[in-house]
Amino acid sequence: MKERLETEEQEEQFFRVDDLFTPPSSFTTRLTVRISYRWRKSIVNRWESGCIAFIYNVHLESDKRDRQEMLYREWEQLRDSALQSVRDHFRQGGDGSAIPRTFQVVVDRYTQGLNNYSTDFWRREHQNASLKKDT
């Protein structure tokens with residue numbers, strides 16, 4: 001636990017990811033999570049800021065009675081995955097200026113839902129898939 005705290009303190013000298021959210025009051029099948037972040041290349045550099053919107057079109061059975069509840073759970077999963085993806089980008093030495101403004105998440109081709117890699121905007125295969133969907 002102490003080692004994790006030290007690692008996080010070290011990381012905060014170079015990047016910060018805002019993890020405070022208020023969920024929407026209602027949901028549609030087009031979910032969006034915006035992640036704001038700040039970064040700098042070294043301690044002497046000034047802080048720069050940015051934001052990325054993760055967009056997820058949820059595949060939902062139309063007869064679900066608990067539709068809003070299910071969409072809320074999907075939104076939470078999208079939020080958590082998006083936060084982790086931005087953090088991973090910085091932890092792997094990624095530059096904040098390389099983060100796109102929007103990213104269409106890549107759903108699992110079997111389940112049509114989110115998986116552990118759906119929000120990894122920095123993966124080359126995801127960049128290509130997201131671009132194809134935007135055009």
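We number each residue from 1, following the sequence as shown.
Residues Trp47 and Ile99 are members of separate hydrophobic clusters, defined by side-chain heavy-atom contacts under 4.5 angstrom among Ile, Leu, Val, Met, Phe, Trp and Tyr. Cluster membership check: Phe103 does not share its hydrophobic cluster with Ile55, using side-chain heavy-atom separations under 4.5 Å among Ile, Leu, Val, Met, Phe, Trp and Tyr.
The two atoms that bring Arg34 and Ala53 nearest to each other are CG-CB, 3.9 Å, heavy atoms only. Taking all atoms of both residues into account, the shortest heavy-atom contact from Gly113 to Tyr56 is CA-OH, 3.5 Å. Leu71 approaches Leu31 most closely through the heavy-atom pair O-CD1, 3.9 Å. Heavy atoms only, all atoms of each residue included: Ser49 and Arg38 are closest at CB-CG, 4.0 Å. Across every non-hydrogen atom of Val33 and Ala82, the tightest pair is CG1-CB, 4.5 Å.
Taking CG from Asp108 and CD from Gln112, the interatomic distance works out to 7.5 Å, rounded to the nearest 0.5 Å. One finds the OG1 atom of Thr32 at 9.0 Å from the CD atom of Gln104 (value rounded to the nearest 0.5 Å). The structure places CD of Gln84 at 13.5 Å from NE2 of His89, a figure rounded to the nearest 0.5 Å.
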Could you check Asp95 against Lys41 for salt bridge (Lys or Arg N to Asp or Glu O under 4.0 Å), going step by step and ending with a plain yes or no? CA-CA 8 Å; Asp95 187 345; Lys41 293 182 181 184; 3.6 Å; yes
Show your reasoning for whether ring pair (Phe, Tyr, Trp, His ring centres under 6.0 Å) applies to Phe15 and Tyr37. CA-CA 7 Å; Phe15 69 89; Tyr37 52 88; 9.7 Å; no
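More than 12 heavy atoms of other shown residues, nucleotides or ligands fall within 6.0 angstrom of atom CD in Gln92. Within a 6.0 Å sphere centred on CZ of Arg73, heavy atoms belonging to other residues, nucleotides or ligands number more than 12.
A donor-acceptor contact shorter than 3.5 Å links the side chain of Asn45 to the backbone of Ser42. No donor-acceptor distance shorter than 3.5 angstrom exists from the side chain of Ser81 to the backbone of Leu78, with no hydrogens or angles considered.
When side chains are defined from C-beta on, Arg67 counts as touching Thr29, because their heavy atoms get closer than 4.5 Å. Side-chain contact between Val17 and Ile35: present, with at least one pair of heavy atoms (C-beta onward) separated by less than 4.5 Å. Counting heavy atoms from C-beta outward, Phe54 and Val86 have side chains that approach closer than 4.5 Å. With a 4.5 Å cut-off on side-chain heavy atoms, Glu48 and Ser97 do not count as touching.
Ion pair Asp19/Arg79 not flagged as a salt bridge, since none of the NZ, NE, NH1 or NH2 atoms sits closer than 4.0 Å to an Asp/Glu carboxylate oxygen. Looking at Arg91 and Glu11, a side-chain N of the basic residue comes within less than 4.0 Å of a carboxylate O on the acidic one, giving a salt bridge.
Between Trp75 and Phe27, the angle of the ring planes lies from 30° to 60°, which puts this pair in the tilted group.
No side-chain N or O of Ser85 forms a donor-acceptor pair with one of Asp88 less than 3.5 Å apart. Counted by atom type alone, Glu76 and Tyr72 present one or more donor-acceptor pairs between their side chains at under 3.5 Å.
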